[in-house]
Visitor: 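For reference, the structure I am asking about is given below.
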Amino acid sequence: MEAAMLASAVGFLLLAWVGASAGDEAREEAAVRALVARLLGPGPAANFSVSVERALAAESGLDTYSLSGGGGGAPVRVRGSTGVAAAAGLHRYLRDFCGCQVAWSGSQLHLPRPLPAVPGELTEATPNRYRYYQNVCTHSYSFVWWDWNRWEQEIDWMALNGINLALAWNGQEAIWERVYLALGLTQSEIDDYFAGPAFLAWERMGNLHTWGGPLSHSWHLKQLYLQHRILDRMRSFGMIPVLPAFAGHVPKAITRVFPQVNVTQLGSWGHFNCSYSCSFLLAPKDPVFPLVGSLFLWELTKEFGTDHIYGADTFNEMQPPSSEPAYLAAATTAVYEAMIAVDPSAVWLLQGWLFQHQPQFWGPAQISAVLGAVPRGRLLVLDLFAESQPVYVRTASFQGQPFIWCMLHNFGGNHGLFGALEAVNRGPEAARLFPNSTMVGTGMAPEGIGQNEVVYALMAELGWRKEPVPDLAAWVSSFADRRYGAVQQDAEAAWRLLLRSVYNCSGDACRGHNHSPLVKRPSLQMNTTVWYNRSDVFEAWRLLLTAAPNLTNSPAFRYDLLDVTRQAVQELVSLYYEEVKAAYMNKDLVPLLRAGGLLAYELLPALDVVLASDSHFLLGSWLDQAWAVAVSEAEAQLYEQNSRYQLTLWGPEGNILDYANKQLAGLVADYYQPRWCLFLEVLAHSLAQGIPFQQHQFDKNVFPLEQAFVLGKRRYPSQPQGDTVDLAKKIFLKYSPRGISGSL
Ligand SMILES: *[C@@H]1O[C@H](CO)[C@@H](O)[C@H](O)[C@H]1NC(C)=O
Ligand SMILES: *[C@@H]1O[C@H](CO)[C@@H](O)[C@H](O)[C@H]1NC(C)=O
Ligand SMILES: *[C@@H]1O[C@H](CO)[C@@H](O)[C@H](O)[C@H]1NC(C)=O
Ligand SMILES: *[C@@H]1O[C@H](CO)[C@@H](O)[C@H](O)[C@H]1NC(C)=O
Ligand SMILES: *[C@@H]1O[C@H](CO)[C@@H](O)[C@H](O)[C@H]1NC(C)=O
Ligand SMILES: *[C@@H]1O[C@H](CO)[C@@H](O)[C@H](O)[C@H]1NC(C)=O
Ligand SMILES: *[C@@H]1O[C@H](CO)[C@@H](O)[C@H](O)[C@H]1NC(C)=O
Ligand SMILES: *[C@@H]1O[C@H](CO)[C@@H](O)[C@H](O)[C@H]1NC(C)=O
């Protein structure tokens, strides 16, 4: 590869939005000032002076911030080359000088008085052009029911973490509806096509249609409203919102309107039958392709404006109809040409997931066909799961197309302590140093958020570091100090144990999914192997409880104590399950009933009660958010079912069973527990009667219980109840394995 070519590919992206004016500087400055006031309150905000000065970035054009002032009542001066850079500078000051933390689970913003001085001037530039955030799936697993208030908090979090590139995908179905109506589809054909809100991510990638739908008129209006506010806010910080573009999937009804149209029906996805999957893909050379693609982008950009980067995924987890490189190149070209027909400066953001998800299909010739079909610099690839299976290393840095090193981390928004901090820490630098690297950024692409914040804190920090964090053990200790707003040795020690165990995922057993028996349909085949020493989790649990009296006023501490208690219960379920299984194999009813009884009738109810003590772990909150979006009883019921399906069966027949599992109060009591009880009854019955356990029979019998939960109408509290510390301690005293209980 020619070095000059590389430089021009990457250079194109550097230039894509340079040229912002003085008016933008003032707008970004105002946006950051408003953020400071929202975050710290108007009083403390008065002690910060914020300015946005493009010149700070010098020739590199890379986002840069500069901190000075503070001490003895003097204001702290935060300057940034963009609004995002200034927000990231503010965050750096709060983190490193004030010991604060901004967090999903409860921010700790106790400012020292007077504000600490910054010695001299601290200037930092990011090593790469982009810090990216989101996965197409995050919109369904986490953002689906959000109102503006919640979006505002998230965009603040993004700005503070220096994110400057993110999807802005709300409201696209409202635009699609306009396009389809204009093309002559009927309203009922459109209603049949759209998936429900909790499943839109997969409709957008062509995996699904219809399931969980239809979308109402009021849904579209709300999403349009939200999208406008999201775009305004993102742009006001100088972030680049990525809009969607046409990837080639169309409703079947297109064949009624254009009887001659050349479409291919793709295969099924995710064990869904063709009533819900097997999308229709337009042939790349069909004249209807540019028509639909350009009409959509034209209508979309007319409504929302554009920042010239568009996301589209044609073959995400979808086997293309042909592996011929010529076909794959044509399919890629068609998407790109429909973009540039409307926006000649278009850059295509592609999730690189397909290449690593189906490596048997995507050989070198297939990958080359896609990467080579778009001019260099016009395809920006997200190396989506780079902390685990980087694709850039085996594609010569995406053959010269620019790419973003992304940490995926989480699948399905599962709870469960998990992370590969060592791999995350080293990954971006390794990608930057790769021969002829075309890396242009770092990113976070979790399927769901609101879990394992430590992993995201590290990744966000790496977006502004040139090298890895030198000592992760020291880093997690100070993470704990900032999180709780106090230096507490036991809490620090607990975090170091978590770092070397759950957060040092490596090897075969290391998975981003929570496969704990607790959240899975029970069977005798469950594998309880984990990559860490379980005693580390129990010991961290004990240490947090020891620290509790000094930290009870910290919401993040109570959240962590609950989360580690939850994890410990999950470990205990595995241990009891192994006892149950061994007793069953030995045909020994008494120990089976003892371990099984503890698991299903005591431990799970106790977990439900402790989860109920924190607002982040309530099924009631999740369902209430869905209800709040609805404008009628019928809509509320549809959204509630969308929510309940997503957490459990996923599809009508348990098509992707328990993939998006969570551990929420209400879900444990009314979904996981009943099926564990049934499992134990069936095992006990099998032993007593001498009839072998039949998994397929059990699956048949347990499905109605699972479905009853999904179709259930029970209301759950959306306010926490009980004291987390007391409840956690009770569980600890009762269940912590002997030998670790020590003194409390
Ligand atoms: C990197 O690019 C240079 C200049 O084009 C080339 O000579 C060299 O072989 C490339 N290195 C690798 C590892 O591809
Ligand atoms: C904040 O500013 C006020 C004056 O506006 C000053 O009285 C106060 O000391 C400052 N506080 C800190 C912490 O700098
Ligand atoms: C697909 O499954 C659904 C529900 O499970 C069923 O109602 C429908 O008839 C099935 N469709 C096809 C084409 O088999
Ligand atoms: C339809 O498109 C496919 C490729 O997408 C192509 O192989 C086929 O020849 C086309 N059929 C017609 C009738 O044009
Ligand atoms: C993580 O595990 C690796 C071995 O897989 C080890 O070399 C490293 O020291 C561990 N890191 C921590 C923080 O325990
Ligand atoms: C359980 O999973 C681990 C890690 O993937 C594997 O090494 C082990 O062989 C599995 N055990 C069984 C019984 O399948
Ligand atoms: C597992 O962790 C416990 C507690 O942290 C420790 O005492 C024990 O030595 C560890 N076991 C192994 C095999 O590392
Ligand atoms: C906990 O707080 C008490 C009283 O504030 C203090 O005396 C004690 O040293 C603290 N303990 C730890 C371990 O920090």
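Computed over heavy atoms, backbone and side chain alike; hydrogens, waters and symmetry mates excluded. Residue numbers start at 1 and run along the sequence shown. Worth saying up front: this structure is predicted, and the values here are computed from it rather than measured. We count ligands from 1, going down the list as the structure has it; atoms in each ligand are counted the same way.
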Visitor: Tell me which one of Tyr645, Trp211, Phe199, Tyr276 satisfies ring-ring contact (aromatic ring centres under 6.0 Å, His included) with Trp650.
Guide: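 Of Tyr645, Trp211, Phe199, Tyr276, ring-ring contact (aromatic ring centres under 6.0 Å, His included) with Trp650 is met by Phe199 alone.
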Visitor: What atoms of ligand 3 come closer than 4.0 angstrom to any heavy atom of Ser275?
Guide: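 Those atoms are 1 (C), 8 (C), 10 (C), 11 (N), 12 (C), 13 (C).
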Visitor: Are any of the side-chain heavy atoms of Tyr672 and Leu607 separated by less than 4.5 Å?
Guide: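 Side chain of Tyr672 against side chain of Leu607, heavy atoms only: no contact under 4.5 Å found.
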Visitor: Could you list the atoms of ligand 5 found under 4.0 angstrom from a heavy atom of Ser506?
Guide: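 Those of ligand 5 that fall under 4.0 Å from Ser506 are 5 (O).
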Visitor: Check whether NZ of the Lys or CZ of the Arg Arg644 lies under 6.0 Å from the centre of the six-membered ring of Phe709 and within 45 degrees of that ring's axis.
Guide: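 The answer is yes; both the distance and angle limits are met.
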Visitor: Check this for me - ligand 3, Tyr276, N or O atoms closer than 3.5 angstrom, yes or no?
Guide: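 Among all N and O atoms of Tyr276, none is under 3.5 Å from an N or O of ligand 3.
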Visitor: Below 4.0 angstrom from a heavy atom of Glu653, which ligand 3 atoms are there? Numbered from 1 as shown, please.
Guide: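 Every atom of ligand 3 under 4.0 Å from some heavy atom of Glu653: 5 (O).
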Visitor: Report the distance from atom CD of Gln663 to atom CG of Asn414, rounding to the nearest 0.5 Å.
Guide: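 Taking CD in Gln663 and CG in Asn414, the distance rounds to 8.5 Å.
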Visitor: Among all residues two or more places apart in sequence or in another chain, which pass the disulfide (SG to SG under 2.5 Å) test with Cys278?
Guide: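 Once residues adjacent in sequence are excluded, the partners of Cys278 under the disulfide (SG to SG under 2.5 Å) criterion are Cys274.
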Visitor: Would you check whether Ala473 reaches within less than 4.0 Å of ligand 5, judged by its heavy atoms?
Guide: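 No; Ala473 lies far enough from ligand 5 that no heavy-atom distance drops under 4.0 Å.
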Visitor: Taking disulfide (SG to SG under 2.5 Å) as the test, write out the residues that go with Cys137, two or more places apart.
Guide: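 If we apply the disulfide (SG to SG under 2.5 Å) test to Cys137, skipping adjacent residues, there are no hits.
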Visitor: For residues Trp405 and Tyr392, establish whether the separation of their ring centroids is below 6.0 Å.
Guide: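 No: the rings miss the under 6.0 Å criterion.
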Visitor: Any side chain to side chain donor-acceptor pair (under 3.5 Å) involving residues 445-460? Give me the pairs, sequence neighbours left out, ordered by first then second residue.
Guide: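 Residue pairs with at least one partner in residues 445-460: Ser105-Glu453, His409-Tyr456, Asn410-Gln451, Glu447-Tyr659, Gln451-Tyr456, Asn452-Tyr503, Glu453-Arg483.
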Visitor: Sort out the contact shell of ligand 7: every protein residue with a heavy-atom distance below 4.0 Å, listed by chain and number.
Guide: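 The answer is Arg500, Asn533, Ser535, Asp536, counting any residue whose heavy atom sits under 4.0 Å from ligand 7.
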